Amino acid sequence: MSYEIQLQDLRKVFPDGTEALCGVSLTCPRFKTTSLVGPSGSGKTTILKIIAGLLEATGGTVLFEGNDVTNLPPDKRNIGLVFQSYALFPNMTVIENVEFGMLVRKVPKEERRRKAHEALEMVQIAELGHRRVHQLSGGQQQRVALARAVVFKPDVLLLDEPLSALDAKIRVELRGELARLLKEFNITAVYVTHDQQEAMSLGDQVVVLDQGLVMQVGEPLEVYARPANDFVAHFIGSANLYRASVVEPVNGHVTVRLEFGEIKVPEETFRRRWSYVKPGPANLLCRPENIAIVDGQSAHAQLKVDECLFLGDRQRITGETNTGERMLVEAHSTVPVKKGDTVPICFSIDNMHFIPPEE
Ligand SMILES: Nc1ncnc2c1ncn2[C@@H]1O[C@H](COP(=O)(O)OP(=O)(O)OP(=O)(O)O)[C@@H](O)[C@H]1O
Ligand SMILES: [Mg+2]
C-alpha cells in the first residue's frame, strides 16, 4: 500500500536560529515520484528527514493518506530510505546487507534469503549477491542500497541525492534505470537532487525550492517552459530573460518592446497564450533552443557572436545584442556561424513565456 504525502505549512528553525523551512506546503501524489530540487541549503534534506520522522518540525503537519503522522516515530512509518552515502556494511556480502534489516526483525532465514534475492533481481545485480560490498563499483553499491530500501515493500521511498557520488557517465546511465525502477515499484517516492536534469527526468512532479520556500510545483515541462518567476527560469535550464514592455494592441497586433528590438504578435495569439499578461512591464523568457538564426528579413534582433561551442549535434552560441544584452542560442551544428559574426536572430513566438514583474 502506497499513499499520498501531504505537507502543510512545514517550518523548521534549528536551535542555532537557522531557518531551514519557512512554510512549505505540497502534495506528493500516490504512486508518483516527486523531485525536490533547489540549490545547496534550500531545505531539501530537511523536508525529507521530516517526512521520514528523523527530524522534528518546528511547525506544520505531515499527513500520509490524510492521517496526521507528524508525531509518529520513524519505525512506525514504513519508509524506505536511500542516501547519497550508501551506508552499507563494507565487510558483509551484498545479500547480507540486503537481509540485515530483516535479521534484526527476526524474519526466518529462508524468507529473508528469498526476499533479498528478489530485491537484488529487481535492481539487476542478483549475480553479485555473494560479493563483499567493497568489491563493488559505486553504481553497483547504489543498487544494493536501493534493494535494501525496497526489500520491506515500504509505503514510501525517500531518496536523497542517491546518484551524486557517481561519475557523470554512470550517473546518466543509472538515472534512466532508476526512472524505470521507480515506475516498476509503483510507490510514492520523493527524490532529492540539486541537478535540474535529474529532477526533470525522474520526477512526475518537480518542486523547486529556494531558501526554505516553494518557488513552483509542476510537471517537468511546465516548470521548464512556464517558470513562475525569474529564480525558476534561471535554475531550471538556461534562460534568456529580458525586460520587456507590452504595448496595447494596435491594428490587431500586440507589440513586445525590448531594448534591442521588438516582436509583433497577433492579438488573438497573444490573448490565447498569455491571457495573464497585461500591457506594461514583464520579463520575456526564451530558451536557447527557441531562438533561430535567420536570414535577415524576419529578424527580431542582431547578435554579435563572441563564442561558439561545438557539442556534436548542436552548437551553443553566445553573444551580445546591439544594446549589450547577453544571449545564448542553441543551433544545429551545420548552421554556419563563427566568432565575430553578427547574425540576425528570431524568437520562436510559440515558445516564448512572460513572467509578470515581481511585486
Ligand atoms: N543541524 C543543523 N543545525 C543548524 N542548521 C542546519 C542543520 N541542518 C541543516 N541546517 C541548515 O538548514 C538549511 C537547509 O539545509 P538542508 O540540509 O535541508 O539543505 P539541502 O537543500 O539539502 O542542501 P544540499 O543540497 O547542500 O544537501 C541550511 O541552511 C543548513 O545549513
Ligand atoms: Mg541535502
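Only heavy atoms go into these numbers, but all of them, side chains included; no hydrogens, no water, no symmetry mates. Everything numeric in this text was worked out from a predicted model, so none of it was measured. In this chain, numbering begins with 1 at the start of the sequence shown. Ligands are counted one by one from 1 in listed order, and the atoms in each one are counted from 1 as well.
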Classify the side-chain pair Glu325/Thr323 by whether it contains a donor and acceptor separated by less than 3.5 Å. yes
Name the option, out of His194, Glu161, Lys44, that contains the heavy atom nearest to atom 21 (O) of ligand 1. Lys44
What residue and atom, counting heavy atoms only, is the protein's closest point to atom 18 (O) of ligand 1, and at what distance? Thr46 OG1, 2.5 Å
Heavy-atom contacts with Gly43 under 4.0 Å: which atoms of ligand 1 show up? List them by number with element. 14 (C), 18 (O), 19 (O), 20 (P), 21 (O)
Determine, for Phe100 and Arg148, whether the Lys NZ or Arg CZ falls below 6.0 Å from the six-membered ring centre while staying within 45 degrees of the axis. no
Below 4.0 angstrom, counting only protein heavy atoms, does anything approach atom 4 (C) of ligand 1? yes
Is Asp167 salt-bridged to Lys169, cutoff N-O under 4.0 Å? no
Measure from the ring center of Phe31 to the ring center of Tyr3 and say whether it is less than 6.0 Å. no
Can you tell me if Ser25 and Gln8 form a side-chain donor-acceptor pair at under 3.5 Å? no
Is the Mg ion (ligand 2) less than 2.8 Å from an N/O/S atom of Thr45, whether that atom is in the backbone or a side chain? yes
Quick one: which ligand 1 atoms are inside 4.0 Å of a heavy atom on Ser42? 19 (O), 21 (O)
Just to be sure I read this right, does ligand 1 sit under 4.0 Å from the backbone of Lys12, its side chain, both, or neither, counting only heavy atoms? neither
Which residue owns the protein heavy atom closest to atom 30 (C) of ligand 1, what's the atom, and how far is it? Thr18 CG2, 4.6 Å
Heavy-atom contacts with Asp16 under 4.0 Å: which atoms of ligand 1 show up? List them by number with element. 4 (C)
Do Tyr242 and Phe260 make the cut of ring centroids closer than 6.0 angstrom? yes
Nearest protein heavy atom to atom 12 (O) of ligand 1, by residue and atom, and its distance? Ala20 CB, 3.4 Å
The option among Thr45, Asp195, Leu48 carrying the non-hydrogen atom nearest to atom 22 (O) of ligand 1 is Thr45
Could you tell me whether the side chains of Asp68 and Thr70 share a donor-acceptor contact shorter than 3.5 Å? yes
Is the closest protein non-hydrogen atom to atom 26 (O) of ligand 1 under 4.0 Å? yes
Answer yes or no: does an N/O atom from Phe14 fall short of 3.5 Å to an N/O atom of ligand 1? no
Compare all side-chain heavy atoms of Leu7 with those of Ile47 and state whether any distance is below 4.5 angstrom. yes
Distance from atom 14 (C) of ligand 1 to nearest protein heavy atom, with residue and atom: Gly41 O, 3.5 Å
Side chain Gln315, main chain His332, donor-acceptor under 3.5 Å: yes
